[in-house]
Amino acid sequence: SNSEYSIEMKDKLRKKIKEHFEMEMYDFQHESTEETRARFLIKEAVGQIRALLKDNEMLLNHNIEYGALRNFLGGCLQAVFFSLIIMIKAYFFSYSEGFLILGGFFLTVYGSILLMSKWLIQRYGNSYARILYQQFLAQPKSVTNP
């Protein structure tokens with residue numbers, strides 16, 4: 001229901017999903033009145049599309065990219081924690097001022113990345129979805145439906 005894709009693109013996807021998987025997707029009006037059911041159908045369709053495109057190299061590369069970003073953000077969370085530990089130890093246990101500065105630097109860098117995490121995940125997630133749909137639309141109609 002968002003404006004990420006044009007109405008024409010959404011209609012092409014609905015038609016292609018019906019051709020490939022014999023699933024009837026909701027139109028825009030029906031989608032807005034029964035949002036929960038529409039989301040469930042979309043989730044099922046995306047699962048089918050992913051299974052169909054499991055060997056697609058371009059999609060695999062974007063999936064790896066998205067997964068690497070999520071893993072990196074998890075590492076940033078740990079880095080922020082350890083930066084705080086370094087700063088606390090440097091402050092309370094009279095380590096050199098360099099450790100305090102180093103901890104502050106890492107806290108700033110990794111904290112900034114974490115603050116941008118929602119935007120980054122949305123950007124990479126939308127990129128993955130765009131490639132998924134483009135590759136699906138480029139698929140010829142299967143001879144046998146699953």
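Here the structure is a predicted model, which is why all the values come from computation and not from measurement.
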A.B. asks: Return yes when atom CZ of Phe136 has more than 12 non-hydrogen atoms of other residues, nucleotides or ligands closer than 6.0 Å, and no otherwise.
C.D. replies: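 Atom CZ in Phe136 is packed in, count exceeds 12.
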A.B. asks: Are Tyr124 and His62 an aromatic pair by the rule of ring centers under 6.0 Å?
C.D. replies: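 No, they do not, as the ring centres are separated by 6.0 Å or more.
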A.B. asks: So if you build clusters from Ile, Leu, Val, Met, Phe, Trp, Tyr with side-chain heavy-atom gaps below 4.5 Å, do Val46 and Phe40 land together?
C.D. replies: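 Cluster IDs for Val46 and Phe40 differ.
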A.B. asks: Could you grab the distance from atom CE of Met116 to atom CG of Leu73, nearest 0.5 Å is fine?
C.D. replies: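 Reported to 0.5 Å precision, the distance equals 9.0 Å.
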A.B. asks: Is Glu31 salt-bridged to Arg37, going by a charged N under 4.0 Å from an acidic O?
C.D. replies: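 A salt bridge is absent here (no side-chain N lies under 4.0 Å from a carboxylate O).
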A.B. asks: More than 12 non-hydrogen atoms from neighbouring residues, nucleotides or ligands closer than 6.0 Å to CZ on Arg50, yes or no?
C.D. replies: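 Atom CZ in Arg50 is not packed in, count stays at 12 or less.
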A.B. asks: Give a yes or no on whether Ile101 and Met87 share a hydrophobic cluster (residues Ile, Leu, Val, Met, Phe, Trp, Tyr; joining criterion: side-chain heavy atoms under 4.5 Å apart).
C.D. replies: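 Result: no, two separate clusters.
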A.B. asks: Would Arg39 and Glu35 pass as an ion pair if we require N to O under 4.0 Å?
C.D. replies: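 Result for this pair is yes, salt bridge flagged.
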A.B. asks: If you count heavy atoms of other groups shown closer than 6.0 angstrom to CZ of Phe99, is the number above 12?
C.D. replies: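 No.
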A.B. asks: Quick one: do Ile121 and Trp119 end up in the same hydrophobic cluster if we chain Ile, Leu, Val, Met, Phe, Trp and Tyr together by side-chain heavy atoms under 4.5 Å apart?
C.D. replies: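 Yes.
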A.B. asks: Is there a path of hydrophobic side-chain contacts, each under 4.5 Å between heavy atoms of I/L/V/M/F/W/Y residues, joining Leu120 to Ile64?
C.D. replies: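 Cluster IDs for Ile64 and Leu120 differ.
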A.B. asks: More than 12 heavy atoms of other residues, nucleotides or ligands under 6.0 Å from CD of Glu4: is that the case?
C.D. replies: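 Yes - once you tally the heavy atoms of other residues, nucleotides and ligands closer than 6.0 Å, there are more than 12.
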A.B. asks: Tell me whether Met9 at atom CE has more than 12 heavy atoms from other residues, nucleotides or ligands lying less than 6.0 Å away.
C.D. replies: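 More than 12 within 6.0 Å, yes.
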A.B. asks: For Phe82, which fellow cluster members are found when Ile, Leu, Val, Met, Phe, Trp and Tyr are connected by side-chain heavy-atom distances below 4.5 angstrom, either directly or through intermediates?
C.D. replies: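 For the cluster that includes Phe82, the remaining residues are Phe81, Ile85.
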